[in-house]
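FYI, side chains are in, hydrogens and waters are out, and symmetry mates aren't considered; it's all heavy atoms of this structure.
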Amino acid sequence: MYVGIDVGTSVVKAAAFDSGGRQLAVESRPVELSLHGGFVEQDMDEVYGAVVDVLGKLTGRVPTPVELAGLTGQGDGVWLVDAEGRPVRSAVSWMDGRAHELLDQWLADGTFETVFRRTGGAMFPGSPGPLLAWLDRYDPKSLDAAAAAVYCKDMVFQRLTGAARATTDVSDASMPFLDPRTRSYDNRVVELLGLTRRRRLLPPVGDPITTGEAREGLPPGTRISNGPYDLPACALGAGVTEPGDGLLIVGTCLAALVATTELDLSGEPAGLYISTDRHGHRLRAMPAMVGTAALDWVLSTTGVTHAEVDELLAATPPGAHGVRVLPYFAPSGERAPFVEPHLRAELSGVSLETTPADLIRATCEGIGYAARHCLEAAGLTGALAVCGGGTRSSAWMQLLADVLGRPLRVVEGEVGARGAVLAAAERYGVSLDAGVWTEPTAIVEPDSGRSAYYSKGFQEHLGRLDVARGQAGR
C-alpha cells in the first residue's frame, strides 16, 4: 500500500493506493480558518492533529503494510516554528491580505517587478515575502522566537519524522526567494524586501526532496518524502509533465499550470515559475485566488446546495440572460494572471427577473473566463487535464470545456495525494507506472457552437476586467 497525504487549506486528506494506482480508501478531516479584518490564520496544532487522525483512521481501514508515503500540502503563507517544528504563533494563510500596503509600496517603487525579473515569482499579499516583512514590522517578537519560517507540509514533515531541523523543497521555495537557475536562495531578493537580518529563518532547500522515517501517524519506520507542494503534486498526479501540457485545478483556488523547459522573465509580472525535482523542468503557474470558493459564496447566498448545481446550470442558457460575474472574491484581491490587491468581485446585469440559476451559471462562466485567461498567460499549447472538487459537477465540466474551447482530461480522486506518492516513489527508486496511475477518468469534448459563443464572451470579459482593474488601482 502507498499513502498520499494532502494537507489542504480547509480539509486534510490521506489516501491509500495499490501498486497499480487504484485508490483504495480516503480519510479526511476539516480544519478551521480564522478570518478577521483581512487576516486569515490557522492553528498549526489543529492541522497537525488532523494529519495524525486521518492517517490513523486510514491505516486502520486498510491494514496492509505501507510501502512508502508522500506528503504534500497548501503552499505560500508563513508557518513560524521552533526548533522542534512546534508553532511560535498561528500560521498565516496564503489567503491573508494584511500585507497589501507593503505590496502596494513595492508595486509603486519597482521592487515587485525587480523580484519577478530575478526569480519569476510575482508576489501577492499572502506570499512569504510580504508576510515576513509585515511580521518583521508589526510582530517582530514572533520572528525572534522562531527557528524557521516554513510552509505547511514542512511543519508536518518535521513533526511526523522528528527531523532535527526544518527543511523545504524547491517547489515551495520558488515563491519568492528561489533563483530558478541556481535553485538556491537569491540573497539580493532577501535584501530588497528588507529581510537580511531574518535570512536565518529561510529553511534549507532539500534538492531532491527530503526523506525520513515516520514516528507518528504511520507505522513506525515508514519511509516518507516531503513534497512537492499541492500545485506541482497535482500536476504529477494528473500526468502533466511534457512541455506545453497543462492542468487546471478547480479547487478552493483556481490554478492553471503548464509544464515548460523555458524560463521567460519578460512580460507582465504575474504568477510564478515552480521548480521541480527534474532539473530544467518547471511549471509556469497562474494560481488565481478564488475558484470553487466563489461558487460556494453564491450557493450560500442563494440558499442552493451543491447537489442542485447541475440541474440549475441546465435551467438557463449560455450568457445567463445577461448576468455577468467578475469572480474576484478574495479579500486580498487577485494574484494571477495579474496582481491587483484591491480588485473585488462584480455582478452586473442583475434584475428582479434574475433567478438563482442565472447567478450560478454566470458565476461558473466567470470562473471559466478567468481560467482561460490564466491558461493563455501560462502558455498552454498541448493537452489539458482538469482536477479538483469542481470535477464532481459534470455540467460544470461541460461548461468549462465549452468556455476553454478544448477537450478536458478529467482526473478524479485524490490527485494531489497521488502525485505525492509518485514523487516519493521517484525519490526512493520505487518503480510505479506513472501512465497507469494518471489515466483520465473521462474526456469532455467542447461543443463547437457554444465554444464560438464563449470565445466572444471571453473578449467581453477581458474588457470588463480592464475597467475593473483601472478602478481598483485608483
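With salt bridges taken as basic N to acidic carboxylate O contacts below 4.0 Å, none links R427 and D277. Ion pairing between E41 and R89 holds under the 4.0 Å rule for side-chain N and carboxylate O. Ion pairing between a basic and an acidic side chain is recognised when a charged N comes within 4.0 Å of a carboxylate O; R159 and E84 show no such pairing.
Using a 4.5 Å cut-off on side-chain heavy atoms (C-beta onward), P243 and T260 make no contact. The shortest distance between side-chain heavy atoms of V250 and T292 falls below 4.5 Å. Counting only heavy atoms from C-beta outward, the side chains of E365 and L399 approach each other to under 4.5 Å. A 4.5 Å side-chain heavy-atom check between R335 and P287 finds at least one atom pair inside the cut-off. When side chains are defined from C-beta on, W297 does not count as touching V290, because their heavy atoms never get closer than 4.5 Å. With contacts defined as side-chain heavy-atom distances shorter than 4.5 Å, the pair D169/N226 does not qualify. For the pair V51 and L160, the minimum side-chain heavy-atom distance is below 4.5 Å. Taking 4.5 Å as the limit, some side-chain heavy atom of M155 sits within range of a side-chain heavy atom of V150.
Of the possible polar contacts, none joining the R282 side chain to the Y273 backbone as a donor-acceptor pair under 3.5 Å is found. Side-chain atoms of S171 come within 3.5 Å of backbone N or O of Y229 as a donor-acceptor pair. Between the side chain of R406 and the backbone N or O of G382 there is at least one donor-acceptor pair closer than 3.5 Å. A donor-acceptor pair under 3.5 Å is absent between the side-chain atoms of D179 and the main chain of S184, judged by distance alone. Between the side chain of S174 and the main chain of S275, a donor-acceptor pair closer than 3.5 Å is present. Side-chain N or O atoms of Y185 include none that pairs as donor or acceptor with a backbone N or O of P204 at under 3.5 Å. Side-chain N or O atoms of W437 include one that pairs as donor or acceptor with a backbone N or O of S19 at under 3.5 Å. Of the possible donor and acceptor atoms, none in the side chain of T261 sits under 3.5 Å from a partner among the backbone N and O of H281. A side-chain donor-acceptor contact under 3.5 Å links Q398 to the backbone of E445. Distance alone, capped at 3.5 Å, places no donor-acceptor pair between the D6 side chain and the K13 backbone.
Distance check, rounded to the nearest 0.5 Å: CZ of R418 to OG1 of T72 gives 14.0 Å. Here CZ of F458 is found 5.5 Å from CZ of R372. Values are rounded to the nearest 0.5 Å. To the nearest 0.5 Å, the span separating CG on L408 from CG on L248 amounts to 8.0 Å. Taken from OH in Y428 to OG1 in T211, the straight-line distance is 4.0 Å, to the nearest 0.5 Å. Taking CZ from R183 and OG1 from T276, the interatomic distance works out to 6.5 Å, rounded to the nearest 0.5 Å. Distance check: E27 CD to R61 CZ gives 4.5 Å after rounding to the nearest 0.5 Å.
For R165, the CZ atom sits in a loose shell: 12 or fewer heavy atoms of surrounding residues, nucleotides or ligands are nearer than 6.0 Å. For CD of E426, the number of neighbouring non-hydrogen atoms (other residues, nucleotides, ligands) closer than 6.0 Å is 12 at most.
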**Candidate pair V430 and R223, rule side chain to side chain contact (heavy atoms under 4.5 Å, CB included), full reasoning** = CA-CA 12 Å; V430 175; R223 298 181 295 174; 4.0 Å; yes

**Request:** Would you sort out whether L135 and R198 count as a side chain to side chain contact (heavy atoms under 4.5 Å, CB included), showing the intermediate values?
**Result:** CA-CA 11 Å; L135 290 166; R198 302 297 187 181; over 6 Å; no

**Message:** Apply side chain to side chain contact (heavy atoms under 4.5 Å, CB included) to residues D207 and H279 and explain how you reach the verdict.
**Reply:** CA-CA 10 Å; D207 188 14; H279 285 240; 3.8 Å; yes

**Message:** Is there a side chain to side chain contact (heavy atoms under 4.5 Å, CB included) between V403 and Y369? Walk through the geometry before answering.
**Reply:** CA-CA 7 Å; V403 171; Y369 291 139; 3.7 Å; yes

**Request:** For T210 and T167, run side-chain hydrogen bond (donor to acceptor under 3.5 Å, both in side chains): C-alpha distance rounded to whole Å, both residues' side-chain angles, the deciding distance at 0.1 Å, then the answer.
**Result:** CA-CA 7 Å; T210 305; T167 61; 3.2 Å; yes

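Taking every heavy atom of both residues into account, T252 and S10 meet most closely at OG1-OG, 4.4 Å. Shortest non-hydrogen contact noted between P228 and A423 is CD-CB, 3.6 Å. A14 approaches V54 most closely through the heavy-atom pair CB-CG2, 3.8 Å. Smallest separation of non-hydrogen atoms from V88 and S142: CG1-O, 3.4 Å. Heavy-atom minimum distance, V411 versus C387: O-CB, 3.4 Å. The two residues G271 and R284 have their closest heavy-atom pair at C-NH1, 3.8 Å.
Between W134 and F39, the ring-plane angle classifies as perpendicular under the 30° and 60° cut-offs.
Looking at T168 and D154, their side chains do bring a donor and an acceptor atom within 3.5 Å of each other.
Taking the ring axis of F17 as reference, the NZ or CZ atom of R22 does not stay both within 45° of it and closer than 6.0 Å to the ring centre.
A side-chain hydrogen bond (donor to acceptor under 3.5 Å, both in side chains) with Y48 is found for exactly one of Q158, E216, R86, namely E216.
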